[in-house]
Amino acid sequence: MTLSNPKELKSVIERHGFSFSKSLGQNFLIDQSILDKIVEGAGIDKSWGVLEIGPGAGTLTRELANTAGKVVAVEIDKSLENLLAETLADFENAEVVFADIMKTDIRALLAEKFRNMPVAVVANLPYYITTPIIMTFLENEIPVKSLTVMVQKEVAERMAASPGGKDYGALSAAVSFYTKPKIVCSAEPHCFLPQPKVASTVITLSVLDKPSVEVSDKDFMFKIIKSAFGQRRKTLLNALSKSPYVALEKSSVSAALESLGLDSSIRGEKLSLSDFAQLSDILKPRGIEPHKL
Ligand code: SAM
């Protein structure tokens with residue numbers, strides 16, 4: 001069975017009377033070279049476990065199960081149950097859990113299914129949940145080694161952006177705090193059935209053993225970062241002193257910038273993550289949390 005062959009995929013879909021749901025982002029991959037690149041990007045072998053999110057017809061699941069020791073795939077759509085039972089029948093090391101990943105206790109699932117195996121996450125999901133899911137893994141420090149995800153091209157560019165450019169923002173800062181990002185490949189609309197409207201990019205985020213910079217209070221630093229990028233056209237000084245996330249006096253922000261040798265007219269996108277960490281450590285003792293946040 002070669003599910004990357006559109007004829008074979010259509011035939012299995014028809015046999016099971018499956019119909020695609022737009023709202024669940026059901027665009028299934030039909031390009032073998034992209035499947036190969038995703039598996040390679042995940043950096044797995046037989047000693048690894050894979051948590052796949054959104055297996056669809058099982059096309060990628062089969063490839064992952066050929067390479068990894070064990071694959072657990074979380075799929076929200078119960079109408080794929082019989083279809084997946086057929087497409088994964090030959091793979092004793094692949095298991096499907098029917099659940100909404102947004103409502104799943106992922107930490108408990110990993111502990112139950114993988115015990116001490118290193119785990120890679122692989123996901124080709126609807127765009128609106130991909131970034132929240134990535135942030136759930138990173139912010140909660142869920143123990144996985146990497147996340148290989150298909151995202152909208154622009155989102156991948158923002159994730160991998162360096163300070164100074166137009167793509168650099170709060171997402172880039174969070175990604176570089178927790179991971180080392182690497183673009184794997186792009187996927188044009190014709191690589192999917194049915195074709196989506198926009199092009200996608202596969203990116204691997206290799207989770208760092210410890211965050212890339214030291215900071216005394218990472219939550220406070222991310223409030224500073226969110227404030228800086230929430231109002232990009234403002235100077236950093238104005239964005240921070242009028243922030244809806246932290247209460248800071250203009251004079252203390254000004255003094256902090258000066259002590260770091262940063263110009264008072266600087267904008268947030270010019271600061272590196274290490275600048276934000278230092279700024280946060282200086283401002284933290286003076287920050288008063290606003291009441292209604
Ligand atoms: N991995 C398959 C492939 O590449 O051909 C299918 C990818 S398709 C873009 C997205 C899959 O994610 C669909 O099967 C969809 O039902 C599933 N999905 C959507 N939302 C989900 C959620 N919240 N939890 C788990 N799976 C979800």
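Start at 1 with the first residue, then count along the sequence. Both counts, for ligands and for their atoms, begin at 1 and track the order of listing.
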> Can you list the atoms of ligand 1 that are under 4.0 Å from a heavy atom of V74?
Replying inline: 25 (C), 26 (N)
> Salt bridge or not for K37 and E40, using N-O below 4.0 Å?
Replying inline: no
> What is the closest protein heavy atom to atom 2 (C) of ligand 1, and at what distance does it sit?
Replying inline: P55 O, 3.3 Å
> At a 4.0 Å threshold, what atoms of ligand 1 neighbour a non-hydrogen atom of A99?
Replying inline: 24 (N), 25 (C)
>> So, regarding D100 and ligand 1 (criterion: nitrogen or oxygen to nitrogen or oxygen, under 3.5 Å), is there a contact or not?
In response: yes
>> Can you confirm if the aromatic rings of F20 and F28 lie within a centre distance of less than 6.0 Å?
In response: yes
> Considering only the protein, which heavy-atom contact is closest to atom 26 (N) of ligand 1, and what is its distance?
Replying inline: I76 N, 3.3 Å
> Does a side-chain heavy-atom distance below 4.5 Å link I133 with L147?
Replying inline: no
> For ligand 1, which atoms, with element, lie under 4.0 Å from some heavy atom of Q26?
Replying inline: 13 (C), 15 (C), 16 (O)
>> One residue to check: T61. Relative to ligand 1, which of side chain, backbone, both or neither has a non-hydrogen atom less than 4.0 Å away?
In response: neither
>> Distance check, rounded to the nearest 0.5 Å: L205 atom CG versus S176 atom OG?
In response: 10.5 Å
>> Taking 4.0 angstrom as the limit and counting only heavy atoms of L24, give me the atoms of ligand 1 inside it, by number and element.
In response: 15 (C), 16 (O), 19 (C)
>> Can you name the atoms of ligand 1, numbered from 1 with element, that are less than 4.0 Å from a heavy atom of L29?
In response: 3 (C), 4 (O), 5 (O)
> Do NZ/NE/NH1/NH2 and the carboxylate oxygens of E154 and R158 come within less than 4.0 Å?
Replying inline: no
> So, Q195 versus E188: side-chain donor-acceptor pair below 3.5 Å or not?
Replying inline: no
> Are a donor atom and an acceptor atom from the side chains of D36 and Q32 found within less than 3.5 Å of each other?
Replying inline: yes
> Going by the order shown, which atoms of ligand 1 are within less than 4.0 Å of some heavy atom of N27?
Replying inline: 7 (C), 8 (S), 9 (C)
> Under 4.0 Å from any heavy atom of P126, which atoms of ligand 1 are there?
Replying inline: 19 (C), 20 (N)
> Taking atom 1 (N) of ligand 1 as the point of reference, which of A57, G58, G56, G54 owns the nearest heavy atom?
Replying inline: G54
> Do the side-chain N and O atoms of S146 and S206 include a donor-acceptor pair separated by under 3.5 angstrom?
Replying inline: no
> Given E75, K78, M102, which has its nearest heavy atom closest to atom 16 (O) of ligand 1?
Replying inline: E75
> Looking at CG of L171 and CD1 of I225, how far apart are the two atoms once the value is rounded to the nearest 0.5 Å?
Replying inline: 11.0 Å
> Considering only the protein, which heavy-atom contact is closest to atom 9 (C) of ligand 1, and what is its distance?
Replying inline: G25 O, 2.9 Å
> What protein heavy atom is closest to atom 10 (C) of ligand 1, reported as residue, atom name and distance in Å?
Replying inline: N124 O, 3.1 Å
>> Is a donor from one side chain sitting under 3.5 angstrom from an acceptor on the other, for S272 and D275?
In response: yes
> Is M150 near ligand 1, meaning one of its heavy atoms is under 4.0 Å from it?
Replying inline: no
> Should the pair F222 and Y178 be assigned to parallel (<30°), tilted (30 to 60°) or perpendicular (>60°) ring geometry?
Replying inline: parallel
>> Enumerate the side chain to side chain donor-acceptor pair (under 3.5 Å) contacts for residues 258-268, please, sequence neighbours excluded, ordered by first and then second residue.
In response: D263-S265
>> For the 3.5 Å polar cut-off, considering only N or O atoms, please tell me whether I101 and ligand 1 meet it.
In response: yes
> At a non-hydrogen distance cut-off of under 4.0 Å, which region of S21 contacts ligand 1 (side chain, backbone, both, or neither)?
Replying inline: neither
> E52 heavy atoms, cut-off 4.0 Å: which ligand 1 atoms fall inside?
Replying inline: 1 (N)
